[in-house]
Structures are given as structure tokens and as C-alpha cells.
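Below is one structure, written out as C-alpha cells; comments come after it.
Lettering of chains follows the sequences in order, A, B, ..., and the numbering in each one begins at 1.
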Amino acid sequence: MLDLQFVRANLELVEAKLRARGADPATLLGDFRALDLQRRQAITQAEQSKARRNELSQQIGALKKAGPDGAEAAAALMEETRVLKEQLDNLDRAAAALDEELRQSLARIPNLTRDEVPVGASEADNLTVKTWGEKRTFDFTPKSHWDLGESLGILDLERAAKLSGARFAVYFGAGARLERALISFMLDTHARQHGYTEVLPPFMVNSKSLYGTGNLPKFAEDLFRCSDADADAAGRGEYKDSDHWLIPTAEVPVTNLYRDEILDEARLPISFTAYTPCFRAEAGAAGKDTRGIIRQHQFQKVELVKFTRPEDSEPQHERLTRDAEEILEALNLPYRRVLLCTGDTGFSSAKTYDLEVWLPGQNLYREISSCSNFDAFQARRANIRYRPAPRAKPEFVHTLNGSGLAVGRTWLAIVENYQQADGAILIPEVLRPYMGGINTIQRES
RNA sequence: GGAGAGAUGGCCGAGCGGUUGAAGGCGCACGCUUGGAAAGCGUGUAUAGGGGAAACUCUAUCCAGGGUUCGAAUCCCUGUCUCUCCGCCA
């Protein structure tokens with residue numbers, strides 16, 4: 001969420017930033033100025049009536065204490081207050097309605113992208129800022145991970161469909177172990193070498209948490225909700241703390257750890273790494289990436305989350321992105337870093353780097369991590385603050401997160417990049433200790 | 001699932017219809033004291049919104065949402081969460 005005072009004072013800038021995203025300022029902002037003015041007038045009116053009521057009530061109290069003479073005078077005042085109260089209820093209702101309208105329109109405005117983000121309409125306008133690693137040359141035609149996985153007996157999509165439907169996977173044997181090895185390797189690397197604290201959060205969250213990270217109210221259709229979760233209520237701006245949704249990413253529970261808290265400045269930056277499964281309805285992705293395990297309803301991910309002082313978020317964003325890149329480098333997987341353009345940057349993000357891994361089986365680069373700086377956008381929604389100095393006013397922190405990495409996509413990147421002519425998969429050096437010392441995955445007899 | 005107790009500021013903790021935005025303590029800041037520190041003493045220490053150039057002022061907030069009342073942290077209802085005991089369970 002943007003700051004109301006900021007939007008009020010910088011309406012032209014906000015409009016320009018919305019246009020850069022390809023959004024229509026008129027739709028998102030509506031008659032912002034008029035609504036803002038109406039709201040403030042309504043609040044002033046209602047508060048003046050309240051002030052009068054409070055004043056009368058105090059007089060009544062004083063008079064009643066004074067004795068029987070006072071009590072008579074008090075009765076007259078009580079009558080005046082009773083009349084005042086009816087007007088007040090109406091004024092209060094009007095003010096609350098306008099306030100809610102403004103709040104909701106504010107909550108639907110995406111974050112402002114940073115100035116260095118290239119202006120563009122779609123992923124075609126993203127900017128590749130670096131490319132790492134040598135693409136391996138094969139003396140045979142590299143296969144896709146779904147062919148390799150099936151023939152090795154480590155991946156079973158048909159049985160997964162029987163169990164759960166399309167877009168689910170079952171892993172067997174070394175395939176299951178590879179997934180687990182990747183999780184451990186990533187967590188260990190981030191915790192021991194990159195200074196993150198490991199955290200294991202709940203895999204279900206309430207709607208308030210989803211509001212905090214910006215997933216609600218706009219993106220309810222992307223989420224799996226449990227039967228006690230109410231998407232209609234969320235659409236009306238009612239965020240409950242007694243309902244449950246499956247998390248689409250660990251970003252949601254981990255960022256919300258400090259919702260409604262004031263953090264000690266000395267603790268910043270705070271860095272967490274978390275492994276969780278992620279659940280996505282993939283609404284609107286029908287027909288996209290239907291083969292293999294690129295796009296699943298459930299996938300595993302190791303996430304990186306940081307809380308920083310505003311002035312530190314830019315360098316911390318670079319570090320976090322490097323932390324994710326180092327996993328790819330340790331696994332010797334070729335990748336490139338892409339700075340997303342304004343039109344491709346997510347709703348809550350001010351600046352996003354995507355890391356794209358090379359997939360020889362499909363002859364293309366594919367997103368494997370997305371590292372974003374949210375500035376104060378999420379912190380404002382989730383009310384996460386810190387105190388810059390001992391007696392100073394609390395300020396909103398900046399939040400950041402990135403995949404470090406998407407485990408399922410790392411799994412398939414290894415399978416495709418490390419495939420051998422006979423269909424076996426070589427295990428990257430760093431993973432061997434996590435794989436019980438085996439060097440290759442071969443067809444089990 | 002059953003029974004009971006509770007939820008107050010950065011933290012602990014009083015208050016249980018009317019100068020209570022909230023005693024007291026801790027923490028923190030500033031000052032005094034000191035060779036320097038500690039201790040001690042003094043002063044100050046919530047958030048959001050409205051009005052105002054500012055000084056300042058008003059409104060709301062004692063888990064959340066309703067209600068009673070001229071007036072609610074205080075009384076009533078509903079919900080959520082926490083703790084204790086019992087049951088069940090990985």
C-alpha cells in the first residue's frame with residue numbers, strides 16, 4: 001500500500017508510475033482528489049460533533065456531582081446530547097464509508113517501480129543484466145526432464161494425476177532424494193554461509209497475512225483456500241484472522257512474522273530462509289506449460305526474506321540476489337539475471353530481478369528465482385516498523401524476498417543439464433554428500 | 001472436544017461507569033552528580049487521523065466486532081487468541 005499523504009502530495013508522479021506499468025491511472029485512482037476532499041470534510045464534521053458531545057458529557061458529570069440542583073441542569077444537557085447523538089451517528093457513518101472507500105482504492109494501487117526499472121509493456125522489454133556459465137554442448141540430442149524422469153523411474157506424473165489431478169508430481173527413489181538433497185543444500189548454504197536464520201513456518205495462513213503481502217484482495221483466484229476461508233469477504237476488504245488459505249510462497253508467513261510489531265533497529269537487517277511447499281491455483285494459466293513439472297499446483301521452494309532499514313534495502317536486494325545466484329553457481333547451472341521492466345514487475349514490488357536457468361532439454365532460459373525489493377509497500381500493509389533512534393517515531397521497514405531457489409525447477413534443471421547419453425543423471429559435486437554419496441542416478445533394475 | 005482463567009503502552013502491571021491516554025515499575029532519552037563509570041536524583045518518553053503557516057488543537061484507539069448509557073478500559077453480547085485442567089491424537 002502506498003502512503004496516503006504521499007499520494008496526495010505526489011499525484012502526478014503516482015499517475016506517471018502507474019502509466020509506466022501499463023495501468024490506467026483513471027481506473028485505479030478514480031476521482032482521488034474529490035474523494036480525498038470529501039473524506040476529510042466528513043471526518044472534520046463528525047469529529048466536531050464528537051468534541052461537542054464529549055464536552056457536554058463532562059459538564060453533566062460535573063453537575064451531577066454538584067448535587068440536586070446540578071442534577072436538574074444536567075437533565076437539560078442530557079436531552080441536548082441525545083439529539084446531538086442522532087446527527088452524530090449519521091455523520092460518523094458517512095465519514096466511515098468515505099474512509100473505507102479511500103482505503104480500498106489505496107489498497108488496489110500497485111507499488112511504484114524504482115526509477116532504474118526499465119519502462120516496458122511485457123517480458124519482451126525486460127533487461128538481461130548478466131549471463132553466467134557455459135551452456136553445455138551435447139553430442140546427442142538432450143531430452144526433456146519429463147522423458148528422462150519417467151524413463152529413470154524417478155518421476156511419475158500419471159499416478160500424480162490419479163491421486164490429485166493435473167499439475168502434480170510424484171517422485172520416487174533417487175528423484176525424491178534429489179528434491180530433499182536440494183532443500184537441505186540450499187538451507188545449509190543460506191544459513192551457514194549467507195547469514196540467514198532458518199525458519200519453518202505454517203503452510204496455512206489467515207487472510208490478514210495474505211493482505212499484508214499484497215496477495216489479497218486482488219489475487220484470491222491464484223490461491224487455494226480451505227473451506228473456512230472466504231474469498232468474497234476478502235474481496236469486500238474483510239480480512240479475518242480465523243480462516244485458512246494454503247500459502248502460495250513462504251514469503252507470506254515469513255514476512256508476516258513481524259506484522260504489527262516494532263523491531264529493534266539494532267536487529268536490522270533481519271534475514272530468514274525458509275523451506276515450504278507452495279500451493280498455487282494457477283488460474284489463468286490453462287494450457288501453459290502443461291508438460292513436465294515447470295508449473296505445478298504444489299511445488300517446493302526455499303525462500304529468502306529480509307527486513308531492512310529503508311536506506312539498506314537497495315544493497316540488501318543486490319546481496320539477496322547474489323545469495324540466490326550462488327546456489328546456481330555452486331550447482332554449475334548456466335543462468336542469466338533479468339531486470340524486469342515496469343509492465344512485468346509484480347503488484348507489490350518496486351524492483352525485481354528474475355534469475356533464469358538454462359534448460360537444454362527445451363532449449364530456453366526459464367525463471368527459477370524472483371528477487372524483489374518491496375520498499376515499504378508490504379510493511380505499510382502489514383504494519384511492520386522499526387525505531388530509527390531510541391525516542392524517534394517508528395518508521396516502516398523495507399521488506400525483500402527472493403527464491404533461493406525454486407526446488408522443483410532446480411530439480412528439472414539438474415536433470416536436463418546433467419543428463420548423460422545413456423539417460424543417466426550425473427549428480428553435481430556439492431549435492432553428493434546429501435545424496436548418500438551416489439554420483440549418478442541410473443535406471444533401477 | 002469438555003471445564004475454567006485471562007487479553008491494558010516498547011515490556012511488566014494497576015484500574016472495573018465521569019479531570020484515565022490510562023497509576024506504579026522496567027526499559028529508553030536528556031540533565032544533575034562523578035576523575036570516569038555504576039548507583040542515586042530530576043525531567044521526558046504511544047499510535048493513527050482531522051484542523052492549523054506554526055504554536056497548538058480536536059477525534060479515535062486499553063484483543064476484534066456489535067450493544068447499553070448523556071458518558072465505557074470499566075457493564076452486556078458475539079468472535080478470535082493465550083494459559084491451566086480433562087479427553088483424544090501424530
For this session: Examine B:rG52: is either OP1 or OP2 under 4.0 Å from a nitrogen or oxygen in the side chain of A:R40? Give yes or no.
Result: no

Problem set entry | Rounded distance in Å between the C1' positions of B:rA73 and B:rA64 | 14 Å

For this session: Specify the separation, in whole Å, of atom CG of A:L77 and atom C1' of B:rC70.
Result: 9 Å

Exercise. Are side-chain N/O atoms of A:R259 and A:S209 paired as donor and acceptor at under 3.5 Å?
Worked result: yes

Exercise. When you match A:R52 and A:M78 each to their closest nucleotide on RNA chain B, which lands nearer the 5' end?
Worked result: A:R52

For this session: May I ask you to verify if any side-chain N or O of A:N54 is less than 4.0 angstrom from the OP1 or OP2 atom of B:rA60?
Result: yes

Exercise. How far, in whole Å, is B:rA60 from B:rA22 if one measures between their P atoms?
Worked result: 14 Å

For this session: Kindly point out which of B:rC58, B:rG50, B:rU47 is positioned nearest to the side chain of A:R8?
Result: B:rG50

Exercise. Think A:Q5 has a side-chain N or O under 4.0 angstrom from the OP1 or OP2 of B:rG50?
Worked result: yes

Exercise. Mind checking whether A:F299 and A:F279 have ring centres under 6.0 Å apart?
Worked result: no

For this session: Using a heavy-atom cut-off of under 4.0 Å over every strand shown, decide if A:R385 touches base, sugar-phosphate, or nothing.
Result: sugar-phosphate

Exercise. Do A:Y275 and A:E303 get their side chains close enough for a donor-acceptor pair, meaning under 3.5 Å?
Worked result: no

Problem set entry | Pairwise C1' distance, B:rG79 and B:rA23 [rounded to whole Å] | 31 Å

For this session: Rounded to the nearest angstrom, tell me the gap between atom CD in A:Q58 and atom P in B:rG17.
Result: 18 Å

Exercise. Which whole-number value in Å describes the distance from A:L35 CG to B:rG50 C1'?
Worked result: 15 Å

Exercise. Roughly how far apart, to the nearest Å, are B:rU20 and B:rA72 at atom P?
Worked result: 16 Å

For this session: In whole angstrom, give me the gap between the C1' atoms of B:rU69 and B:rU80.
Result: 27 Å

For this session: Report yes or no: do A:S348 and A:N111 form a side-chain donor-acceptor pair below 3.5 Å?
Result: no

Problem set entry | Residue pairs fulfilling ring pair (Phe, Tyr, Trp, His ring centres under 6.0 Å) with at least one residue in residues 42-101 of chain A, sequence neighbours excluded | none

Problem set entry | Proximity to the side chain of A:K85 - top-ranked nucleotide from B:rU69, B:rC58, B:rU47 | B:rU69

Exercise. Base, sugar-phosphate, or nothing for A:T81, non-hydrogen atoms under 4.0 angstrom?
Worked result: sugar-phosphate

Seminar exercise, completed: Regarding the side chain of A:K50, the nearest nucleotide among B:rG51, B:rU47, B:rA60 is B:rA60

Problem set entry | Below 4.0 Å: OP1/OP2 of B:rC70 and any side-chain N or O of A:K64 | no

Exercise. A:T213 and A:E251: side-chain donor and acceptor closer than 3.5 Å?
Worked result: no

For this session: Indicate whether the side chain of A:D188 and that of A:Y434 have a donor and an acceptor atom separated by less than 3.5 Å.
Result: yes

Problem set entry | A:L98 CG - B:rU59 P separation (whole Å) | 21 Å

Exercise. A:D228 has an atom CG; how far is it from atom P of B:rG79, in whole Å?
Worked result: 16 Å

For this session: Remember a base hit wins even if backbone is also touched, and classify A:I43 as base, sugar-phosphate or nothing at under 4.0 Å, heavy atoms.
Result: sugar-phosphate

Problem set entry | Whole-Å distance separating the CZ atom of A:R380 from the P atom of B:rG49 | 11 Å

Problem set entry | 5'-to-3' dot-bracket of RNA chain B (Watson-Crick, G-U; under 3.5 angstrom; crossing pairs as [ ]; | other strand) | ((((((((.[[[..)..(.....]]]((((((.......))))))((((((....)))))).[[[[[..)....]]]]])))))))....

Exercise. Whole-Å distance between B:rG66 C1' and A:D92 CG?
Worked result: 14 Å

For this session: State which of B:rU47, B:rG49, B:rU59 makes the closest approach to the side chain of A:R387.
Result: B:rU47

For this session: Using the C1' atom as the reference point in each nucleotide, state the distance between B:rC12 and B:rC62 in Å, no decimals.
Result: 15 Å

For this session: Assess whether atom CZ of A:R103 is packed by more than 12 heavy atoms of other residues, nucleotides or ligands within 6.0 Å.
Result: no

Exercise. How do A:E55 and A:I262 order along RNA chain B: which one's closest nucleotide is nearer the 5' end?
Worked result: A:I262

Problem set entry | Pairwise P distance, B:rG10 and B:rU19 [rounded to whole Å] | 23 Å

For this session: For the pair A:Y196 and A:H194, name the ring-plane relationship: parallel under 30°, tilted 30 to 60°, perpendicular over 60°.
Result: perpendicular

Exercise. Side chains of A:T342 and A:T345: donor-acceptor distance under 3.5 Å anywhere?
Worked result: no

Exercise. Looking at residues 200-212 of chain A, who's got a heavy atom less than 4.0 Å off RNA chain B?
Worked result: none

Exercise. Between A:R53 (CZ) and B:rA72 (C1'), how many Å, whole number?
Worked result: 11 Å

Exercise. Any chance the side chains of A:T249 and A:K301 put a donor and an acceptor closer than 3.5 Å?
Worked result: yes

Exercise. Quantified in whole Å, what is the P atom distance between nucleotide B:rG66 and nucleotide B:rG1?
Worked result: 27 Å

Exercise. Would you say A:R39 reaches B:rG50's phosphate, i.e. side-chain N/O to OP1/OP2 under 4.0 Å?
Worked result: yes

Exercise. Which nucleotide sits closest to the side chain of A:E47: B:rA48, B:rC58, B:rG71?
Worked result: B:rC58

Exercise. With ring centroids as reference points, do A:H398 and A:F377 lie under 6.0 angstrom apart?
Worked result: no

